[in-house]
Structures are given as structure tokens and as C-alpha cells.
There are 2 protein chains.
Amino acid sequence: MSAARYGVGVSTFNSVPPGAGISDVARLAGVSQGTVSNVLNHPERVATATRDRVRQAISALAYVPNGAARSLAAGGSRSIGLILSDLENSLFVDIARGAERAAAEAGMSLLLANSDGRLESEDRYLDLFAESRVLSTLLTLNDDQHFRQIVGRVADSRSLVLLNFQVDPAEYCSVDGHNERGGYLATRHLIDIGRRRLVFVGGPDSLRPVSERHRGFSAALAESGLTAAADVTPDWINRSDGWRVGTGLVEAIAAGRIDGIVAASDLLAAGMLQAFATLGRVRVPHDVAIVGYDNNQAAWDSPVPISTIGQPGEEMGYRGARLAMEELVEGDAHQHRAVVLEPTLIVRESTVS
Amino acid sequence: MSAARYGVGVSTFNSVPPGAGISDVARLAGVSQGTVSNVLNHPERVATATRDRVRQAISALAYVPNGAARSLAAGGSRSIGLILSDLENSLFVDIARGAERAAAEAGMSLLLANSDGRLESEDRYLDLFAESRVLSTLLTLNDDQHFRQIVGRVADSRSLVLLNFQVDPAEYCSVDGHNERGGYLATRHLIDIGRRRLVFVGGPDSLRPVSERHRGFSAALAESGLTAAADVTPDWINRSDGWRVGTGLVEAIAAGRIDGIVAASDLLAAGMLQAFATLGRVRVPHDVAIVGYDNNQAAWDSPVPISTIGQPGEEMGYRGARLAMEELVEGDAHQHRAVVLEPTLIVRESTVS
DNA sequence: TTGTAGGCGTTATCAA
DNA sequence: TTGATAACGCCTACAA
């Protein structure tokens, strides 16, 4: 996949002026390059006096090590990469924070990139990280097709951990929320508060988390001997989709054919709520109770705060980074693992008043 | 600043297995290394047949160029770095998106890092990017002190562009929103709708954007011969601060001593709104009109959608990245510039019903 | 159009 | 504890 991106021609940019190198430092401090390198990487091997002298030279020259040369000589960097699919969704921000914590604890750095869920960007940054020789890259994903496309192209030798997406441990390590359980929890909650005419709103089915949540919904219904009042599959799971869907549901709700909704995302739920509020014929939770998913800002910021399923985003990022590191330490002996994290029901006013 | 971070000792991680190198590709394709390099970087110099043969060898071996070696030999990377101070704030996400667009247009990549507004992280990532030899780094800032600390340490030779923070063009390029004008617009709007007992809520003053917005507030008042009904300086500008401040203001509003509020951020405004709604003695906008700042999700998601001052975040990022590239192209001839972007008033229900 | 060879700035090995 | 010196993988003149 790499080759396609080359041939972009010569850069028109002036490159960064050289600045002082390790040899300049060595000369000024009156030592050899090797010694300078040692005070940088193995200070304990250098006599205190020498070390101080070198450090002085370093700051005198404002010397900045060249990471490229360093990675080249050392055979690798000390960074891991994380490609996020949606910076607007606070879940991913949490993931980044968790991954960063894990990296920091291990003395490594975290490089971020935003793919905006576009396969093309996922690809590009996967390449970039591969070329940067990051120790490992973490990739958040939510689309089965993307996964298939990507897997085929990523070199086996590179460490890759999938986040927010569960895969067969035969292929990769992954950390995911238990979406089916989340869908179940949301539905169970609605049933527990007495709702019986339930709808799942979410789609398309190619979004893996969505279809899994749907499955949980169905399971909870079956368990109680209920059947879905309807199935609604919007084009996507954003606020505007919720608005559209909400508008279409008002009639059925007002007529009493629907009294509970499980939405595949908080944005979807928030959009529906807005539609209901605007059209004015449906009250939440009186006429219809709604549960969202992800515990985004949209959920607690909504006019009627939305009950939702919380995902442990920070933990997802943390565990993901840890898995990556284990993989690095264990080497060939490594067995991929699929970690599945438990979601939590968070009850707010959209289901109980 | 760099030196302090070294001496972390030897890595315990296995580095990535070597994989195929350019020489392997050359051998398989039956050409020289130079030719392989050319098909990668200057395909037009290579005969079609040769090129195809090389490309086949590349994919056969799953060859991934080593970015470190590449940057080293080429004397620089093709990435720019962006350090964000707050991923929770959608303004910064917009900035990232704009910068990414500019980078993509120029065939470059954008590396992200999240400093969470911590000086220490800003420092760390500045170092990391410097070592990575990114062509330029963009840094969002909002604190004067941080700026001073950082400037002293960053090597002059490196290109640095400040975002969301205006600095003397003698020092760096910067792109900022016109905060004083924004504060003015917000205040003017309140005056225009007949409010006269106005308060500015925001702090601390060390946050540069806040103090500038405050100045705009004062200017608008002075222009109309008014004086501030009060000045409120919360500890910070988050939702919880808004809640606290809001609670403290209820009395004065109910008594008619305050009828308009300019908040330094949407979160602050949203927090106050929540406090008012909970305590129940004050109606918005009837008893008090509120304007926020930034046009965050929090503003339009609020129970009463909040009027606000919109910042052109995407443009900020885009222009910042462009400035960085100009600086690179112009080299020594470059004159730093301070770009100031116009804010926009967005009217919602918190000021007019 | 292709091959040759020197060098990019570090790290690591081995001797001193 | 320190100093030489050989990689590291690739790019780019320059020569053929």
C-alpha cells in the first residue's frame, strides 16, 4: 500500500537548518562522540565530572538530538501511534487519554492521528506510523469492511492493536466494549421500568458496534417474551439522523405503539429528543423513554439528560497500550488477546423522572 | 530542556524485526539501490518497465521504507506537528481538522499530541516533535506564563506557530481569534436587546483570551455610557465554575440588579444555566440574558440553546498550517505574521425568545 | 536511463 | 571510564 503514495516529487520546502550535532557537543566538551551518546542514553557509565561538562556543552549549543538518526542507529523509536476515528466523540478522547497514560508510565510517547473514519486516512497514517517505526500502533475501528481492507495490507511483522473493535485473537490483539451486553442492559432497563413496546434505532449494520448492540436488544426482548415494536435503521448515527428518525417516529409514539427506544448512540438519541421537543407532541420520558450509548457529552448536556450506556474509554486506551507493550516484550511467544470491557448503565431523566 | 529527559536507561522492548530493506528490493528486481530509490521518489526518471519490476518486488517483499533513514538522508520529514491544549473543547478539534486539510493539500502529514494544557506536556511534545524533525510545529496556547516559559527554551532555528494566541510578530507567527472584538460583540448584542445591568463572568486573568474578552466587554459598556453591574472572576472557565458562579448570582438577578451576562466560555455559561434551572428562581432569557463564547457543542446542546461568539476554528488551523509552510518556503526572508480572525455572533434562545 | 559511492547523525561494540 | 569505528537504511550527486 505504501508505494502508491510515493512519487510525489521533490519537496519545495527548505528543510530545517542543521543546528548543532553530537560531534559539535563532543568537541566543545572535549570528549568523543561516544561519550556524549553515553551521557544521553547511559549516564551511569560516565564519570560525574565528564557528564556535567557534556551537559553544559549540550545546553550551550542548544543541542537537540536527531530522532531520525537515533531511531536509525538504535533500530526503533520509543513511541507508539494511535489512530482515532472520531475526535468529536468524547469516547475517543478518553481512549487517547488512557493510551497516553500507559505510554507515559512506560517512558514512551504517544503519537496521535485523526482518520475521521475514512479508510484512506486510516491507511495513510498506518503507513506513516509504519515508516516512523513506531513500536506499535493502535487503531480504533468500527467498520467491518475497513477492517478487512486494512488487514490485508498491514505487514505481519508490525504490532497492531485494534480498539473499540473486537477481532479473532488469531489475528490481532483487541480491546472492545461488550456491545451486546450494553444493548442488553439498555433494553433490560426499559423493560424494568415497565416499557413493553420497544424499538431499536441504529444503523447501518456494517457498523459492527451497532449490530452487536442490536443483538443485545433482541436478546433482552426474547428473554421477556417480547418482540420489537419496530426496527429503524437510519443512514448513520449522528444527531441529524436522530432528528430525521425522531420526526418519523412521533406518530407511532403519540398513538401509543412505541413507549421505549434504544438508540445506538447518544447523538442519535439527542437528535430524536430535539425532534420531539420541537414537534411538541411527545414528552420524554412520559410518552417514550430513551436510552443512548457511549456516555458522551451530548448525553448529559441534553435538555433532558439522557440515560446511556457508559463505555470505559480511558481503560480501553490504557489496556490497548498495555497489550501492545506486552506484545513487544513477549516477542514471538506472544498470544493475541481479545479484551472485552463491561459497559455500565447510567440512568438519567430520559428514562425516569 | 531536552537533556533532562534522557538517561532513562535501556529499553526493555524488543525492537521491530528488520524486514526487507531497499537492497533486498533492488536485488529481487535486478537493479541498483539508487534505482529503487528513484522509483520511490522520482518515478519519472525511471523507465516504465523497470519501474513496474521494482514495484512488483516492493509488494512481493512487503517492503516498507524506513522513515528514520529517509528523514536522515533527506534532512527532514514531511510532517508537521500540532499540540492541542484541550481535546474536550470542540474548538481545538476544529483546529486540528483545518490544519490537517492544509497539510493534506500540501502532501504532508499532521501529527497530533494532546497537552491537556499542562506546561510539562507542552514541553515534552515540543521536544518530541523537535527530535522527530517535523518541518514545523503548531502549538495552541492560552496562558501567558506558559508562553514565556516555552519561548525561552525553544531553539530559534525551529519553526513554531502559535494558535489561539496572539504574539508579537517579532517573535513568532500566530493565528488568533479577535477576542476583544468577540467580547465587544457579545456585550453589544445584550445592549441592543435592551439589557443594561451587565456582568462579565470569566477568569482568571492569566488566561489571555479571557482578559481580552473582558476588555471588549468594558469597551462596549463605555461606548454606551454604562458601567459593569459587577465583575465575577471564577477560578477557571469550566462547567463546574459556571455552576458555582451561577448559584452566587441568583440573588442579584432575582433582585433585578443584573439582567445580562457575558460569559468567557460556553461551558461557563452552560454551568450557570444549569444552576439557574436547578434553583428555579431565574428564567433565561426573561430575567437574565446570557452569551457564551466558542460555539462549542455545549452551547447548542444546552436546555436553553446559548447565544455565543463563534470562533473560526477550522480556519485557525488551516491558516496556521499555511503560515508554517510559508515560513518554510521563504526561509530567512520570512517575516512573522500575526493573523487575527474575526469572531461571529450567533444568536440563540439564551438572549432572545 | 541506470549504477556507484559518499554521507546523513546516532548508537553500539570493542579496545585501550 | 573513555575513544575509535563500524553499522543503521536511505538519498543524491555524479558518472557511465
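Excluded from the calculations below are hydrogen atoms, water molecules and symmetry mates; all remaining heavy atoms, backbone and side chain alike, are included.
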Stepwise salt bridge (charged side-chain N to carboxylate O under 4.0 Å, His left out) test for B:Arg124 and A:Glu100: CA-CA 12 Å; B:Arg124 226 182 66 238; A:Glu100 174 143 18; 3.7 Å; yes
A:Leu72 CG - D:dC11 P separation (whole Å):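 Atom-to-atom, A:Leu72 to D:dC11, this comes out as 12 Å.
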Length of the line joining A:Arg51:CZ and D:dT2:P, which is rounded to integer Å: 9 Å
Using a cut-off of less than 4.0 Å, is there contact between a side-chain N or O of [X] and OP1 or OP2 of [N]?
X       : N      : value
B:His42 : D:dC11 : no
A:Arg70 : C:dG9  : no
B:Asn41 : D:dC11 : yes
A:Thr50 : D:dT2  : yes
B:Thr35 : C:dG3  : yes

A:Ala74 side chain, from C-beta outward: closest of C:dG9, C:dT11, D:dC11: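 Selected nucleotide: C:dT11.
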Give one of base, sugar-phosphate or nothing for [X], where a contact means two heavy atoms less than 4.0 Å apart.
X       : value
B:Val31 : sugar-phosphate
B:Val46 : sugar-phosphate
B:Ser71 : nothing

Modelled atom types, side-chain donor and acceptor of B:Ser71 and B:Ser77, under 3.5 Å: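 The criterion, which ignores hydrogens and geometry beyond distance, is not satisfied for B:Ser77 and B:Ser71.
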Side-chain donor-acceptor pair present, B:Tyr172, B:Glu327, cut-off under 3.5 Å: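 B:Glu327 and B:Tyr172 do not have a side-chain donor-acceptor pair below 3.5 Å.
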Donor-acceptor under 3.5 Å (B:Thr140 side chain, B:Ser85 main chain):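 Such a contact is found between B:Thr140 side chain and B:Ser85 backbone.
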